[in-house]
Amino acid sequence: MFKIIGSGSFGTALRHVIKNSGFVISDIDYEFVIPAVPSYAVPDVLDEKEKTIIFVSKGFLENGKLIGEWADKIGLKWAVFAGPHFASELVQNLETCSVLGADSEIPEVMKWKNMNVKFSHHKIEIQLLGALKNIYACFFGIIDGLKLGKNFSASMFSLVIEEINEIFNKLNLESNMIYNQACIGDLILTCTSSQSRNYNEGFNRVMNIKNHQLSEAKHSAIAFIKRFPDQKYICSFVGEVMHNDLKGSDVKSLFDKFYKDYKELKN
Ligand SMILES: NC(=O)c1ccc[n+]([C@@H]2O[C@H](COP(=O)([O-])OP(=O)(O)OC[C@H]3O[C@@H](n4cnc5c(N)ncnc54)[C@H](O)[C@@H]3O)[C@@H](O)[C@H]2O)c1
């Protein structure tokens, strides 16, 4: 009863989880559609107006909107599924925790094996956290590339949480969602691991290493500055790095300026 679009790492891992949980995957007879493609490509792969769509992509669309905001505008019925989910661990049946954001529970998803799915009504909050955390992962990659040390890196986590709260308040969203096990879990997972392509995007830029992998953070960070043009957020700094395609010492120069201003602003 599930159709999955996209055969990359996450689409493949979801196929494994869903089959292993005893559910059917079909391109013809299905109730739910899961587009497992980069967020900026989601509108291009969907024409399933009558189905329920379960979004898993983590990022902003090019105009700075979330996929859910776009879906609401054109009247799609949608849910969102997220959590700390490295595909390589899902295919080994390792346990994790997940959150399903939807208007009501989808029993078939709640039963996915090893995923420990919890339900929430806060769909937009879950999508926004997913999009932001990929940009933060890139930021932490930059910090490690700049060799600023683990103390500094850890100290930035509390600022990230503060900043997410600020962004949520600005948009009138439920900021407590950050403390959901799957949401903070996903943030920590992605921001601290070189398995994350978004972390690597930041790290490799500073090290002047060519990045061959897809990095959603690049698209998302550029989209973020379109949505929040006058803000001095960490995500805005990453957006500027990406927009100007900075590398090596140019990232360092912008970081020094950003951090000086940021400290003044936050103290
Ligand atoms: N919800 C979660 O817990 C979770 C976990 C991991 C990844 N993700 C998200 O899932 C999405 C896919 O991640 P992935 O790791 O599988 O990436 P991937 O690069 O391994 O695979 C991407 C897939 O999308 C297809 N694709 C790429 N660009 C496309 C385009 N322009 N049009 C149509 N199809 C296109 C590729 O052919 C490939 O099949 C990302 O948005 C990622 O953030 C979500």
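Just follow the structure's listing: the first ligand is 1, and inside any ligand the first atom is 1.
Looking only at protein heavy atoms, the nearest one to atom 34 (N) of ligand 1 is Val37 CG1, 3.7 Å. Nearest to atom 16 (O) of ligand 1 among the protein's heavy atoms is Phe10 N, 2.7 Å. From the protein, the heavy atom lying nearest to atom 33 (C) of ligand 1 is Val45 CG1, 3.6 Å. For atom 21 (O) of ligand 1, the closest non-hydrogen atom of the protein is Gly8 CA, 3.2 Å.
Within the 4.0 Å heavy-atom shell around ligand 1 one does not find Asp44. At least one heavy atom of Pro38 sits less than 4.0 Å from an atom of ligand 1.
Using a 4.5 Å heavy-atom threshold, the side chains of Lys260 and Asp256 count as separate.
No donor-acceptor pair under 3.5 Å is formed between the side chain of Glu89 and the backbone N or O of Leu94.
Under 4.0 angstrom from ligand 1, the non-hydrogen atoms of Ser57 come from both its backbone and its side chain. Residue contacts with ligand 1 for Phe81 involve N, CA, C or O but no side-chain atom from C-beta outward (heavy atoms, distance under 4.0 Å). When non-hydrogen atoms are compared, ligand 1 lies under 4.0 Å from neither the backbone nor the side chain of Thr12.
Outside the 6.0 Å centre-distance limit, the rings of Phe81 and Phe10 are not counted as a close aromatic pair.
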- request: Just do the side chain to side chain donor-acceptor pair (under 3.5 Å) check on Ser39 and Glu216 with the steps written out, would you?
  value: CA-CA 8 Å; Ser39 35; Glu216 234 165 342; 2.8 Å; yes
query: Should Glu163 and Tyr136 be marked as a side chain to side chain donor-acceptor pair (under 3.5 Å) after you check the CA-CA gap, both sets of side-chain angles, and the distance that decides it?
result: CA-CA 11 Å; Glu163 189 173 286; Tyr136 288 122; 2.7 Å; yes
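Summarising the local packing, CG of Asp29 is surrounded by 12 or fewer heavy atoms from other residues, nucleotides or ligands at distances under 6.0 Å.
His85 and Thr96 share no side-chain donor-acceptor pair at under 3.5 Å.
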